[in-house]
There are 2 protein chains.
Amino acid sequence: MKKKPTMQDVAAIAGVSTATVSNVINNTKNVSEGTKRKILEVIESLDYIPNNLAKSLKMRDTKLIGLLISDIANPFFPPVVRGIEDSLAENGYNLILCETNSDSNLERENLRVLLSRRIEGLMVSLAGSEESHFENIDTPLVFFNRVPVSDQYNKVQVKNFKAAYVGTTHLIGHDYKRVAILAGPQHLNVGRDRLFGYKEALLESGREVDSNYISIREFTVAEGYQGMKELMNQDPKPDAVFTSNNALTLGAFQFLKDAGYRIPQDIAFLGYDDTQWATIVDPPISVVRYPMYEMGQAIGAMIIGLVRSRGQEPSRTIAFEPELVVRKSCGC
Amino acid sequence: MKKKPTMQDVAAIAGVSTATVSNVINNTKNVSEGTKRKILEVIESLDYIPNNLAKSLKMRDTKLIGLLISDIANPFFPPVVRGIEDSLAENGYNLILCETNSDSNLERENLRVLLSRRIEGLMVSLAGSEESHFENIDTPLVFFNRVPVSDQYNKVQVKNFKAAYVGTTHLIGHDYKRVAILAGPQHLNVGRDRLFGYKEALLESGREVDSNYISIREFTVAEGYQGMKELMNQDPKPDAVFTSNNALTLGAFQFLKDAGYRIPQDIAFLGYDDTQWATIVDPPISVVRYPMYEMGQAIGAMIIGLVRSRGQEPSRTIAFEPELVVRKSCGC
DNA sequence: TTGAAAGCGTTACCAT
DNA sequence: ATGGTAACGCTTTCAA
């Protein structure tokens, strides 16, 4: 790990000034063929790689974008991160990834670190319902997935209300009488909105909302399992269920299989997110899904746009439409 | 997006020098209570956040580690990235993520960018079999998953040979007569070693290696599907199969279900990697797995260690043991 | 206890 | 076409 060569070194050996070296590297001025070749040779022979820190300091830009999410191992994130990355790479930006483990304090700390690194933009899926630390940031900011309610922010969302509404309505269309829901935490907009969509669907079709068929749970597999179990302890049992998140879906499905229920004969099942395993289980499950990769691309494109426009634009929100994928678990 | 306050600004307003400000921020020298408080107040009121670029430039360190992988959407990566992140965060390092899409050229380009950002260490899962661009890097380097063969590098691996050996041996122990394998690309060590382990297991138990039961495939779901199909076209059909990668496993399973084969009655099935869906399919599948999160932690710890020791240490390789998880698909 | 100033590796303005 | 040099925002030595 010897000291890395600098532009000074290159200049000295090539017998020119750093200004000239800089100019050939960045193609920013005409340099005679001769000296250019000479400089390139020296760069090659020294294995010189420009120091971007110095450049960034001088230029006041870093080509660095931050990503703040709860946990990359949540199957929702990988495809969207992929979309984000592609979209950033296309524009010459790099991604710096921070995980919060859904802890708002960690989120705040990570935010500070990212800002001190002078990221040019930040994409965040909120850790919790606390969002005050984002208030006076003057770095371009886009929220996605778990977003704040305020309209002052840029967001890439999913139509949570509609997803649940569409799903529940589909189940009602099959004439199931007791449609249950495994809902998420009510302090998160994604939890609230989906439960709301479920209720609205019920109401609109003239049904009653029966709290016995509503199980409010954390978004984890274990909670999905437990929640489904409790739902099936109701008397009479629900004859259909909408699970409003991928982890809940997995847990609920697991319980129903373990307990020997037949799907959809004993209970119709409508899941959330089109995960890899949706098609290979028995029966293949119907789900409400979003185009995750495309959402990622949109998120990336939005942050790049904001960076380029220097945050002059009014805040926007893009909301993706849910899509109902019908397979065999809902009784179609 | 007004100009951000600098340490100069803080110093001027507080009526002290930048040296003193620096000292209170970093706790690097005694500063009298009075001036310290004063400075902290100014920092607070200005919303001053130190510029880490300048600091890094001066200090010659960035607290930045690079990660170069093919595709975060490959289900193998998220848990290991999580482990890596945790281990880096614990030590005050941030992660910069680059995807290569398994393209060696992109890998080389990304490598240059990362080096120009003066990352302190780099973790890579190779894009392909080309690795020459890593040769003269004097940045601490650890390979994982897809690693080069040369011993000159630090690696965190998996015992690929053993994984296939253990899996195949288990199948043989059930006395299946025609054990097939869905193997990976032979230009990758992970593909080669696993096929080799399969063959060795066969040979050691006195069986013959029959190339009709070996299907060499890219590591994708579609190839797994197609490969399994061709395997089942052999006459006689195989009565057991080991799928040597998670994507191949998914594709193969899918085909067998689609084609109506019963597992394990018609064909015993042993998969690779303990993915989320392994337990909820019918039957739950037996797999060979690795502790991915722990591997991630080990990778992170290794790179931190190298950074701290300034690459003085001889190169090491850590190899994780495969674990056989027996469920219902292998006929146990 | 505090401060002046050099230096980290670039870029870009202004000369030549 | 080329070069001298100030400046980017910080840390740290040396002096006061």
Side-chain angles (χ1 to χ4, degrees), chain A residues 1-40 42-43 46-64 112-113 115-120 139, chain B residues 1-40 42-43 46-64 112-113 115-120 139:
Chain A
M1 298 240 293
K2 46 218 170 266
K3 196 172 158 310
K4 297 193 165 56
T6 72
M7 188 176 279
Q8 289 281 2
D9 300 332
V10 174
I13 298 182
V16 298
S17 75
T18 58
T20 307
V21 176
S22 175
N23 283 328
V24 348
I25 288 179
N26 302 305
N27 260 309
T28 152
K29 245 188 182 182
N30 270 347
V31 175
S32 72
E33 264 318 307
T35 50
K36 179 183 275 183
R37 219 185 36 248
K38 173 70 178 161
I39 290 174
L40 258 12
V42 176
I43 287 181
L46 285 187
D47 257 333
Y48 167 70
I49 295 185
N51 183 331
N52 243 301
L53 292 170
K55 176 168 184 171
S56 287
L57 181 60
K58 181 70 184 164
M59 308 277 278
R60 330 177 125 275
D61 67 6
T62 54
K63 300 291 180 208
L64 221 41
R112 274 196 80 82
V113 175
L115 291 178
S116 76
R117 288 193 185 280
R118 296 299 189 258
I119 51 169
E120 293 184 50
T139 297
Chain B
M1 299 241 294
K2 45 216 170 270
K3 195 170 159 310
K4 297 193 165 55
T6 72
M7 188 176 279
Q8 288 281 3
D9 301 332
V10 175
I13 298 182
V16 297
S17 74
T18 58
T20 307
V21 176
S22 175
N23 284 327
V24 346
I25 288 179
N26 302 304
N27 259 307
T28 152
K29 242 188 184 181
N30 270 346
V31 176
S32 71
E33 265 317 310
T35 51
K36 178 183 275 181
R37 221 186 35 248
K38 175 68 180 161
I39 290 173
L40 259 12
V42 176
I43 287 180
L46 286 186
D47 258 333
Y48 169 70
I49 295 186
N51 183 331
N52 243 302
L53 292 170
K55 176 168 183 170
S56 287
L57 181 58
K58 180 69 184 169
M59 307 277 278
R60 328 175 127 277
D61 67 6
T62 55
K63 299 294 179 205
L64 221 42
R112 274 196 80 82
V113 175
L115 291 178
S116 76
R117 288 192 185 281
R118 295 300 189 261
I119 50 168
E120 293 184 51
T139 298

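Convention: sequence-line order gives letters A, B, ...; per-chain numbering from 1. FYI, side chains are in, hydrogens and waters are out, and symmetry mates aren't considered; it's all heavy atoms of this structure.
Residue A:S56 places no side-chain N or O under 4.0 Å from the OP1 or OP2 atom of D:dC8. Put simply, A:S22 has a side-chain N or O that comes within less than 4.0 Å of OP1 or OP2 on C:dT11. For C:dG3, one of the phosphate oxygens OP1 or OP2 lies less than 4.0 angstrom from a side-chain nitrogen or oxygen of B:T20.
Considering only the side chain of A:K55, C:dT10 comes nearest among C:dT10, D:dG9, D:dT2. Side-chain proximity of A:M59 to the nucleotides D:dT2, C:dG9, C:dT11 is greatest for C:dT11. Comparing D:dT11, D:dA6, C:dC8 by their closest approach to the side chain of A:K58 singles out D:dA6. Among the nucleotides C:dG9, D:dG4, C:dG3, the one closest to any side-chain atom of A:A19 is D:dG4. Closest to the side chain of A:R60, out of D:dG9, D:dT11, C:dT10, is D:dG9. Here C:dT2 is the nucleotide among C:dT2, C:dG9, D:dG9 with the atom lying nearest to any side-chain atom of B:V31.
A:V42 and A:A14 get closest at one heavy-atom pair: CG2-CB, 3.9 Å. Across all their heavy atoms, A:R112 and B:I49 have their closest contact at NH2-CG1, 3.9 Å. Contact between A:S17 and A:A11 at its shortest, heavy atoms only, is C-CB, 3.7 Å.
The interatomic distance linking B:L53 (CG) with D:dC10 (C1') rounds to 10 Å, in whole Å. Atom CZ in B:R118 sits about 9 Å away from atom P in C:dG9, given to the nearest Å. With rounding to whole Å, B:L57 atom CG is found 8 Å from C:dT10 atom C1'. The distance from atom CD1 of B:I25 to atom P of D:dG9 is 14 Å, rounded to the nearest whole Å. Rounding to whole angstrom units, CE of residue A:M7 and C1' of C:dT11 are separated by 8 Å. Counting to the nearest Å, the P atom of C:dT10 and the CD1 atom of A:I43 are 10 Å from each other. Rounded to whole Å, atom P of C:dT1 lies 13 Å from atom CD1 of B:I39. Taking atom CD1 on B:I49 and atom P on D:dG9, their separation rounds to 15 Å, with Å as the unit.
Listed for the A:R118 side chain is a donor-acceptor partner under 3.5 Å among the backbone atoms of A:L115. No donor-acceptor pair closer than 3.5 Å links the side chain of B:E120 to the backbone N or O of B:D61.
Ranked by how close their nearest DNA chain D nucleotide is to the 5' end, A:K36 and A:T18 are led by A:K36.
Across all strands shown, B:N26 has heavy atoms under 4.0 Å from sugar-phosphate atoms exclusively, and none from any base. Note on A:T6: only backbone sugar-phosphate atoms sit closer than 4.0 angstrom, heavy atoms only; bases stay farther off. No engagement by A:G34 is indicated, since no non-hydrogen atom pair under 4.0 Å with the nucleic acid exists. Looking at heavy-atom distances under 4.0 Å, B:T35 makes contact with sugar-phosphate atoms alone, never a base.
Donor-acceptor pairing under 3.5 Å, judged by distance alone, is present between the side chain of B:K29 and the base of C:dG3.
Within the 4.5 Å cutoff, no side-chain heavy atoms of B:Y48 are placed close to those of B:K4.
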